[in-house]
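In what follows, every chain begins at residue 1, and chains take the letters A, B, ... in the order their sequences are listed. Just the heavy atoms: all of them, side chains too, but no hydrogens, waters or symmetry mates, feed the values below.
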Amino acid sequence: MSRIGVFVCHCGENISRTVDVEKVAAEAGRLFGVAYTCDYKYMCSDPGQNLLKKAVAEHKLEGIVVAACSPRMHEKTFRNAAKAAGVNPFLCEMANIREHCSWVHEDRDEATAKAIDIVTMMVERVKRNKKLQPITVPVTKKALIIGGGIAGIQSALDIADSGHQVVLVEREPSIGGHMAQLSETFPTLDCSQCIMTPKMVDVVNHPNITLHTYAEIEAVEGYIGNFQVKVRKKARSVDMAKCTGCGVCMAKCPQKKIPNSFDKNLGFRPAIYVPFPQAVPNTPVIDRENCTWFKTGKCGVCQKVCGPGAVDYTQEDEIVVEQVGAVVVATGFQLYDIGPKPAGSAIEGYGEFGYGTIPDVIDGLTFERLASASGPTGGKIVRPSDGAEPKSVVFVQCVGSRAREKGISYCSKICCMYTAKHTMLYKHKVHDGQAYVFFMDARTPGKGYDEFWRRSIEEEEAVYIRGMVSRLYQKGDKVVVMGSDVHIGVQVEIEADLVVLATAVQPREGADTLAQKLGISYDKYHFYSEAHAKLRPVECATAGIYLAGACQGPKDIPDTVSQASAAAAKVMTLFARNELEREPIVAKVNERFCVGCLACRKVCPYGAVEEKEIRDRSGNLIKVVAYVNPGVCGGCGTCQATCPSKSVELDGYTDEQIMAMIEAL
Amino acid sequence: MNKTARKYESAALADEGYWTSVSQAIRQEAVRLLEQGAVAGVVGYIAGRRTGTAMPVVAATPDQAKELIFSPACVNNLALYLTKAKKEVRAKGKLAIVAKGCDLRALAGLLGESQLKREDVYIIGIACAGVYGAHADRSQPLCDATIARKCRECTVREPTDTDLVAGTLPALPALEPLEAQELARLEAMTPQERWAFWKEHFSRCIRCLACRQICPFCFCEQCLCDRNRPQSVETTPRPAGNTAWHIVRAMHLAGRCGGCAECERVCPMDIPLNLLNRKMAKELKELYDYEAGLTPQEKGPLTEYKEDDDESFIK
Amino acid sequence: MTPAKNILNYSYYPGCSLHASAKEYDESTRGLFKALKIGLHEVPDWLCCGATPAHNVDELLSLSLCAKNLELSNQVDGDLAVACAACFSRLKVTQHRLAENEEKRHQVAYALDAPLALDKPVKHLLEILATDFGLDRLAAAVQKPLSGLKVACYYGCLLTRPPDVPELDDCEDPSIMERVIGATGAETVSWSHRMECCGANFTLSRPGVVLKLSGEILASAKRGGADCIMVACPLCHGNLDIRQKEIEEASGRHYGMPVFYMTQLLALAAGVSTSKLGFGSMMVSPVSLLKEKGLL
Amino acid sequence: MHTDKVKHDFEPKIVALVCTWCTYAGADLAGTSRMQYPPNVRVVKFPCTGRIDPVFILRAFQKGADGVLVSGCHPGDCHYMAGNFHARRRFAAFRKLLEFVGVDLSRLQFSWVSAAEGGKWVEMVTELTERVRQLGPLTEFRELELAEQWSGATLTTPELKEAYQAI
């Protein structure tokens, strides 16, 4: 390229006060390849831009350097002007002689010399710039939501209400997640199911939502706007189209003594079951591991009693392929299982608490089921060991949370509030009972939260003991809690009827494998990582994938719902256009020279690098090379700095451009 | 370099039986593989025309395989023959390869860098007592005076992750770590002295690029240093370009080099190139606890990171 | 778990107690190792580990004593076997502290006037038996199964604590003692006070504390249905065994609970002659219990 | 920060290789805040420190830079998440290599300068400029550029001398 125009801006007096702009223009004119130079008072003004356009036309300019302010200020302005003048916008560069020169130096000669250098560097760069075209990516306006808890449901409903198609995938036989298991919710104590179940029904009735329950993500390919998702629908053994949800099969199933995991194994369910009465969809599933038919080939009662003939023992897993443009991950949390340390786990267990061996030591979610009106006890608080009403209950906070020595250092955020709620629910049901709470700090930042917490102490008479618990053991029919009260500096022992542990919130089992399928990153605890902790809290670094709820970090319901709606809004923003346009600053592989060592793939923070097979016409493999998916590439260029043969180049920042700048010194 | 100050022992490090038994084990396995058609060729060594020499060969028939040997003259890193740089070898099909610890480290690197699939290669590992140094008097047996510098400090004599191990290692005496001493000597110098040291060496470089051609890790089809748009490294053999070439080379091998020191062996100008590689390996071990080993590693020290990596040098 | 090695050889640091009040621990340890054909060679000229007063009054002294012992241990081949929980703890703590603190390393080296040699692996007998020797081999070596004997395994404070230092087992919920004695066919009981403090050296200055704490341990073991308690620490042994009568008098409850050193029971199972196990020096005689179970 | 103008005998050339999101923006902030710093620095903008190949540093020294400043986002702030983490390792290794071949590392400065740290940018540039000014010009690479193959010192044999003079 040999016809470059250099336009030197005075910026009023901002530049010209310390930089001799005429001299800069004159010196630039001497550079090889510069066909035109001028200086002007305000290049960014309309007349300034017109000047540029006119010069392009008159002098047949092929490249433009505007020596003015920072490109962060006006690069877009001048690139648009260049485009209007018929020059590819990426052949227009700015030389920053204001922020980096005139404003920071006083000596006119030195500043002028530096400005000339800066312009020279940019001229050399522009000579090697390539015409780039913006990359457009078509957008499939259909969203995939992974997880049917409150987060997934909220996102699904928001997106569906905006008129876009949604596919909701849930691992369990019913949507609802943890919120469906809760009794009442803080800080208002309204019944969780009463506010949750209508939303669940909305999902199943929504014309824009396709619901896959009892299903898991098998594989995800593609990139923003264009994901192909394989969903494995596990064999339900019941034909959803035929089933009316009458429930006769469940009533007649002879196998009735299977612990119900929805009730934290406090109650029982049959082998053909729905997890809870308000399940959505209300279609039963056969638990093949426990079903007599599947174990022995005999029984078949459910099939015989099913009027519509919906029970189908021959059903197999089915793979459904969905094309979607965006993914919302809402896989939620699980409670830290605090038994002895599992082999290979980085997180220590709490064997000394006897959880799992002392029946009257339970976790918070079990207490929710005890307190729930639709739970296994009909809302009566009883001890699992003997069904007696506990007269003293000890609640222990921060079990696993904020316990660096045990391997988890974060705060689980919801335990202070739900423990306060538990003491209230307990007091409401057992009037002569006494609740004790061992706590480290009470963290109650939320609307109405602190008031709620104080109520549990002041009105419901829960005794809060600041200190930790060291050991629990069974003594007769009591559970002895050995702990400390750090306020008065003594060791305390309480003989309790029931102990409730507020165990840490952890990401769902398998969160890491799902992340690997999606190509998103996660922290050492397997919580998914957002793109920016402050400014992009619902987006993944991988474009087109968004986060909602506790899969990203411990969250209460209001926060989860907010994030879910925010994620939905991000999806809708993406779906507002038919095509996605992005800056063409992406890496490209020179397939001729690439030797396929894939060092680029190892360093790519976006997972944009794939393997590509190069074959000859008869299909024989010639070699394997790297391929950068331009839809996914973020444009950092780490691949190029890593590539030993420089067979991958970042457009807009090629080695040639940069070397030219360095050599122009 | 005080080459004269020290008296070297000339007692053989391993008896003749060791070399014969390794050679036999290789031959036997190579013949078996070729007869069964399990591989298309065996990359190994045969005796050279002159005594005390050996050269790499791809044995394609059982008869050729009967010629295979292992001796202190088997200096070449055979992993080179499985790289893309040697397309004609790879084109033959599945190959077996005779591999000393050095070669194994290179193979592990090639596996880690997707240049090779483990199932495509049958590895005959050698329990290796060492090989001759570049200027060894080959009329002598392998001994303190003739063993290569790298072998004096070898940590990979016993192969692992191979399909077969040929030979058993004789008991070897500890040898003086000359290279480590030389490295320590350089590290103790002032920057000016080191610059002078390398300047003298690099100035003599004739840019024959033998160091590149022999290196199993220089498998790029187009070397960065041959490029001229942009020209990152001057191609003419002048001191400036030479220095740049050797710096770039060391940097490109950092975290990958298997330490076979072939670059140094083939250098016609006797530039101590392996010192650069050793230094980088040492630093990466200290910084990131990374060591090139016999097992392929998913990522090298410069293609991964930890959030709490050292940054004491950054303000 | 690492595969059990075939030939085992250890250097041995008995510590002061094992040459005095806990002589039966020492004798039974030697007897057991001989029966299991594990080499055990006492470190010549070993010093006191400093427990428990030294580290409370002078950290440098306590670290130096152990550093010196570690240095001395290099005279004998094999990892360093330690029986006493307190010695084990002090040696491990010393290695840990000095590994992470360069300044202390310099101080100790200065105090000893010798370069430090701290690298010898320090292993408690439990670890040697469970990991190096292996539970399968231990079970195979049993000649007199302890079946029917209900044992309460008592860890005390030091054996597994603090976290990350001894690395013997899970810090707060260990099972290594149960696994080891379980290999002899003994029945281990589940009880609450396995890890509680016995009162330790308050036994001299404030015996009342010991009577309360050790009393609770005995009560808990009784509640758990134990016939006897098994310990790995001379101090714990002293408090539970020697003080047992006083505890009974103070609490008005009868326990009559023999307190064994782990090696006494293991050696018994391995067929070592009972005359070498020092049962006679126990304050609460185990004779009737062992006879009742058919072990004497 | 109006310092008295002092004329120096030697004005070093400083090349700054910076990422666009943090340090370039930080330098812009120094400008909008009208801070003053020595005019010796020439900025080359990269998307990310992850893009900065050690060859660029080497090339800058070869092409006459007396000092090189490499600067990007603080760890954890990378616009591309991990570019600066990779860069950190690469530079850590590269500076060890340069040190080993005898380059004075006080001419090569790495720093994290965020978009909010205009002051730190000024400090970094000023510090490096001052330091390099004290050290004087980087002669090593310049000598190499001028040097010819086999600089004669080793041409000692009479035959070679004769041959050399005959050229």
Side-chain angles (χ1 to χ4, degrees), chain A residues 14 18 69-73 93 96-107 109-115 117-118 120-122 125 521 529 531-533 541 585 587 602-606 633-643 646 650 652-653 655 657-659 661-665, chain D residues 1-3 5 11 13 15-17 19-21 24-25 27-57 59-60 62-65 68 76-87 90 115 118 121-122 125:
Chain A
N14 275 308
T18 34
C69 50
S70 169
R72 294 160 49 81
M73 183 91 188
E93 294 279 0
N96 184 348
I97 59 167
R98 191 180 76 175
E99 282 85 345
H100 286 192
C101 189
S102 71
W103 277 352
V104 287
H105 307 310
E106 286 172 328
D107 186 294
D109 290 343
E110 285 175 355
T112 306
K114 180 175 179 182
D117 275 359
I118 293 173
T120 311
M121 285 163 78
M122 293 320 288
R125 187 183 208 283
S521 49
S529 306
H532 190 284
I585 308 297
K602 295 173 189 168
V603 299
C604 179
Y606 296 90
C633 175
C636 65
T638 306
C639 52
Q640 187 175 1
T642 308
C643 178
K646 307 301 156 198
L650 182 65
Y653 290 93
D655 276 357
Q657 289 167 299
I658 290 159
M659 285 293 188
M661 287 176 79
I662 293 173
E663 283 171 20
L665 282 165
Chain D
M1 297 242 298
H2 289 243
T3 43
K5 203 70 216 148
E11 284 299 342
K13 264 193 198 178
V15 173
L17 311 176
C19 92
T20 189
W21 300 99
Y24 194 91
D28 275 3
L29 178 64
T32 45
S33 321
R34 308 298 202 278
M35 295 169 177
Q36 299 290 306
Y37 56 85
N40 307 50
V41 66
R42 305 289 180 265
V43 174
V44 181
K45 183 175 73 142
F46 291 83
C48 175
T49 40
R51 170 71 186 88
I52 302 176
D53 194 319
V55 169
F56 299 145
I57 301 173
R59 197 68 174 166
Q62 283 192 302
K63 290 293 161 186
V68 173
D77 290 354
C78 179
H79 182 79
Y80 306 98
M81 284 144 340
N84 55 354
F85 286 131
H86 286 296
R90 204 185 294 143
W121 166 253
V122 171
V125 172

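- The distance from atom CZ of Arg34(D) to atom CD of Glu106(A), rounded to the nearest 0.5 Å, is 12.5 Å.
- Under the 4.5 Å side-chain criterion, counting only non-hydrogen atoms from C-beta, Met661(A) is not in contact with Leu17(D).
- In terms of heavy-atom proximity, Ala82(D) sits nearest to Pro605(A) at CB-CB, 4.2 Å.
- Per-residue heavy-atom pair counts under 4.5 Å with chain A were compared for Asn40(D), Val15(D), Val43(D), and the maximum is reached by Val43(D).
- Annotation: maximal heavy-atom pairing with chain D below 4.5 Å, among Cys639(A), Gly652(A), Gly634(A), occurs at Gly634(A).
- For the pair Thr638(A)/Tyr80(D), no side-chain contact is recorded, criterion being any heavy-atom separation below 4.5 Å from C-beta on.
- In this structure, His86(D) contributes its side chain and Val603(A) its backbone to a donor-acceptor pair below 3.5 Å.
- With contacts defined as side-chain heavy-atom distances shorter than 4.5 Å, the pair His100(A)/Val41(D) does not qualify.
- Counting all heavy atoms, side chain and backbone alike, Gly31(D) lies closest to Trp103(A) at O-CE3, 3.3 Å.
- Between the side chain of Arg42(D) and the main chain of Asp117(A), no donor-acceptor pair closer than 3.5 Å is present.
- Taking the side chain as every heavy atom from C-beta outward, Leu650(A) and Pro47(D) approach each other to under 4.5 Å.
- Both the backbone and the side chain of Tyr24(D) come within contact range of chain A, judged by heavy atoms closer than 4.5 Å.
- No part of Ala87(D) comes within reach of chain A, as not one of its non-hydrogen atoms sits under 4.5 angstrom from that chain.
- Expressed to the nearest 0.5 Å, how far CD of Glu99(A) lies from CG of Leu29(D) amounts to 10.0 Å.
- Using a 4.5 Å cut-off on side-chain heavy atoms (C-beta onward), Pro71(A) and Lys45(D) make contact.
- Contacts of Leu665(A) with chain D are made by both backbone and side-chain atoms, with heavy-atom separations under 4.5 Å.
- In this structure, His105(A) and Tyr37(D) have perpendicular ring planes: the angle between them is above 60°, well past the 30° mark.
- Looking at Asp28(D) and Asn96(A), their side chains come closer than 4.5 Å, going by heavy atoms from C-beta outward.
- Smallest separation of non-hydrogen atoms from Lys114(A) and Pro39(D): CD-O, 3.5 Å.
- Counting heavy-atom pairs closer than 4.5 Å to chain D, the top-ranked of the candidates Met73(A), Lys646(A), Arg125(A) is Lys646(A).
- Contact check on Asp655(A) versus Arg51(D) returns a salt bridge, with a Lys/Arg side-chain nitrogen under 4.0 Å from an Asp/Glu carboxylate oxygen.
- Considering every non-hydrogen atom in both Met121(A) and Val44(D), the closest pair reads CE-CG2, 3.5 Å.
- Heavy-atom distances place the side chain of Asn14(A), and not its backbone, under 4.5 Å from chain D.
- A heavy-atom distance below 4.5 Å is found between the side chains of Arg90(D) and Thr642(A).
- Across all non-hydrogen atoms, the minimal contact from Cys48(D) to Cys636(A) is CB-O, 3.6 Å.
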